[in-house]
Every structure is written in C-alpha cells, then in structure tokens.
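For reference, the structure is listed below as structure tokens.
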Amino acid sequence: MSADRHMVMRRLSSAAFVCLVATFAASPVQAQAPGNADRGRVLSETWCSSCHLVSAENRASANDGVPTFQAIARLPTTTSTGLRVFLRTPHPRMPNDVLSVTQTDDIIAYILSLKR
C-alpha cells in the first residue's frame with residue numbers, strides 16, 4: 001500500500017471513529033436492565049405486601065415503620081446492584097425467602113420503575 005493511500009485510510013478510520021463517538025455521546029444510550037417490572041409487581045404484592053406498601057392498591061397490608069417500595073426507590077443510593085445485594089442477603093427483620101435470579105431481577109425492575 002502506498003504511503004498516500006495508507007494516510008487516506010487512517011484519516012477515514014479516524015473520521016469514522018469520531019462520528020461513532022459523537023453519535024453515542026449525542027444520544028442517551030442506556031443499558032437495558034434485566035427483569036420485568038410487571039412480574040416484579042405481582043411478586044412484590046404476593047411476597048412483600050404483608051410488610052411493605054408495594055403499590056397504592058395494598059395500603060391496608062403495610063406495617064408502620066417499614067419503608068414503602070416507593071420510598072426505597074426514591075433513595076438516591078438505590079441502584080440495581082444495591083437492591084440485588086440486599087435481596088440476596090439474609091436479614092433478621094425479613095423472611096428468608098429464596099428468590100431465583102429471575103425473580104430478583106423482576107422485583108428490582110419493579111422497584112426501580114417507581115423512581116419515575
């Protein structure tokens with residue numbers, strides 16, 4: 001390959017890279033979080049609503065002093081990773097329910113959907 005052709009190819013590659021970076025920088029690209037919020041809501045209403053207020057429909061079953069799912073979601077520290085660690089670690093005040101990875105993902109998706 002000639003030196004001129006090599007230089008042209010390098011410039012085209014550099015230009016393509018700059019365009020690609022600009023495209024991603026200009027548009028908000030978010031990673032798709034695993035889990036299904038609708039299934040997570042059903043699971044939460046079934047397993048968590050005896051203590052937590054998980055939705056507006058189950059107000060009578062929530063205990064005082066236990067945070068609502070919406071309050072949990074609105075904490076600035078609430079993240080997918082934090083919720084995953086919390087849900088997969090036994091806690092004295094919570095039942096020792098063993099959630100599958102899919103169930104955990106679904107409940108996390110539901111809680112995070114309440115941030116909006």
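Residue Arg39 comes nearest to Asp106 through the heavy atom pair NE-OD2, 2.9 Å, listed as atom of the first residue, atom of the second, then distance. When all heavy atoms of Ser55 and Glu45 are compared, the closest pair comes out as OG-OE2, 3.0 Å. Nearest heavy-atom pair across Ala109 and Gly35 is CB-C, 3.8 Å. Nearest heavy atom pair, residue Leu112 against residue Thr79, reads CD2-C, 4.4 Å. Across every non-hydrogen atom of Pro34 and Arg84, the tightest pair is CG-NH2, 4.3 Å.
Between the Tyr110 side chain and the Leu43 main chain, no donor and acceptor come within less than 3.5 Å of each other. The closest donor-acceptor contact from the side chain of Thr78 to the backbone of Ile72 lies under 3.5 Å.
Atoms OG and CG, from Ser80 and Asp105 in turn, are 7.0 Å apart once rounded to the nearest 0.5 Å. Considering SG of Cys48 and CD1 of Ile111, their distance stands at 7.0 Å, rounded to 0.5 Å. Atom CG of Leu83 and atom CD1 of Ile108 lie 5.5 Å apart (nearest 0.5 Å). Atom-to-atom distance recorded for Arg41:CZ and Thr46:OG1 is 11.5 Å, nearest 0.5 angstrom.
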